Amino acid sequence: AALDASTDHARMREARAGLPAFASRPAVLEAVSSSQALVICGETGCGKSTQVPQYLLEEAVQAGRGAACTVLIAQPRRVAAISLAERVAAERGEPLGQTVGYSIRHEAAHSAVTTRLLFCTTGVILRRLQEDASLSGVSHVVVDEAHERTSDGDFLLMVLRRLLRTRADLKVILMSATLDATLFSGYYGGCPTLTIPGRTFA
């Protein structure tokens, strides 16, 4: 069974390395390091939704800051929050609910102590902000599918923009397949934009 698990993990590692997002890892981490906000554009299938949160955590762990890294990933749909959390936990070779978890309305699988990547619906993050306006303990907020422009999503972007003024240590990353990068970059004070190329098929 252990051999099967290690083979599966090796296969997952190869699959991760084959995603277009893999080549953009250094650029993503450099941009996050140098700016409070970042806009990432990337076509569906490039791996941004599963890989970018892992890159943030992996870098923090390598730098000895793993315990201080907690990433909230906002998803507009409940099913996406669950399926992405399951996928990332599987890639890391861990049970869901330990390092990687999810939280949607009336349902959650995560640990207050060990979870570092938490996939949530936008509404769950807004409720958390109501209880704790500074999002204490959170190091990064990733807003996925930012182009969908729901009322909750737009409100979250506004609240996060305001929060960046009082929390210099917080990082906000907006991601989308069809994002108007200039619009969102301007809204966040002219923050950097990064494009992850899609897959190229011969």
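In this chain, residues are counted from 1 in sequence order. Computed from a predicted model, the values in this text were never measured in an experiment.
Legend: salt bridge (Lys or Arg N to Asp or Glu O under 4.0 Å) pairs involving residues 22-34, not counting sequence neighbours, sorted by first then second residue: R25-E58.
A salt bridge is absent between R127 and E131; no separation between the charged side-chain nitrogens and carboxylate oxygens falls under 4.0 Å.
Residues V172 and L164 form a side-chain contact, since some pair of their non-hydrogen atoms from C-beta on lies under 4.5 Å apart. Side-chain contact check for P192 versus L38: some heavy-atom pair is nearer than 4.5 Å. Taking the side chain as every heavy atom from C-beta outward, L118 and S103 approach each other to under 4.5 Å.
Here CZ of F22 is found 12.5 Å from CD1 of I196. Values are rounded to the nearest 0.5 Å. Of the inter-residue distances, the one linking Y55 atom OH with T50 atom OG1 reads 7.5 Å to the nearest 0.5 angstrom. For the atom pair SG of C41 and CZ of F184, the computed distance is 9.5 Å after rounding to the nearest 0.5 Å. Rounding to the nearest 0.5 Å places CG of L19 at 7.0 Å from CD of E91. Considering OG of S83 and CD of Q75, their distance stands at 8.0 Å, rounded to 0.5 Å. Separation of atoms CD1 (I73) and CG (L84) is listed at 8.5 Å; rounding is to 0.5 Å.
Screening R92, R116, E94 for a side-chain hydrogen bond (donor to acceptor under 3.5 Å, both in side chains) involving T99 leaves a single residue, E94. Tested against Y102 for a side-chain contact (heavy atoms from CB on, under 4.5 Å), the candidates L117, V88, I82 yield a single pass: I82. Among V143, L160, D144, the single residue meeting the side-chain contact (heavy atoms from CB on, under 4.5 Å) criterion with L174 is V143.
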When you look at V32 and E59, which way does the side-chain contact (heavy atoms from CB on, under 4.5 Å) test go after all the steps?
CA-CA 11 Å; V32 171; E59 188 199 36; over 6 Å; no
Quick one: do V142 and L56 satisfy side-chain contact (heavy atoms from CB on, under 4.5 Å)? Show the steps, please.
CA-CA 10 Å; V142 177; L56 299 173; 4.2 Å; yes
Stepwise, does the side-chain contact (heavy atoms from CB on, under 4.5 Å) test hold for L163 with L129?
CA-CA 10 Å; L163 183 54; L129 277 158; 4.2 Å; yes
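In terms of heavy-atom proximity, C69 sits nearest to S139 at CA-OG, 3.4 Å. Closest heavy-atom contact between E145 and P76: CB-CG, 3.7 Å. Shown here for M175 and S49, the closest heavy-atom pair between the two residues is CE-CA, 3.9 Å. Of all heavy-atom pairs between C191 and S185, the closest is O-OG, 2.6 Å. C46 and P197 get closest at one heavy-atom pair: CB-O, 3.9 Å. Across I125 and A74, no two heavy atoms sit closer than the pair CD1-CB, 3.5 Å.
The same ILVMFWY cluster, assembled from side-chain heavy atoms under 4.5 Å apart, contains both L183 and M158. Linking Ile, Leu, Val, Met, Phe, Trp and Tyr whenever their side-chain heavy atoms come within less than 4.5 Å puts L57 and V52 in one cluster. No single ILVMFWY cluster, assembled from side-chain heavy atoms under 4.5 Å apart, contains both V124 and L72.
For the pair Q36 (side chain) and L170 (backbone), a donor-acceptor distance under 3.5 Å is present. Formation of a donor-acceptor pair under 3.5 Å by the T121 side chain with backbone atoms of I104 is not found in this model. K171 places a side-chain N or O within 3.5 Å of a backbone atom of S35 that can act as its donor or acceptor partner. Between the side chain of R167 and the backbone N or O of L135 there is at least one donor-acceptor pair closer than 3.5 Å. Y188 places a side-chain N or O within 3.5 Å of a backbone atom of L157 that can act as its donor or acceptor partner.
T115 and H110 form no side-chain donor-acceptor contact under 3.5 Å, judged by distance and modelled atom types alone.
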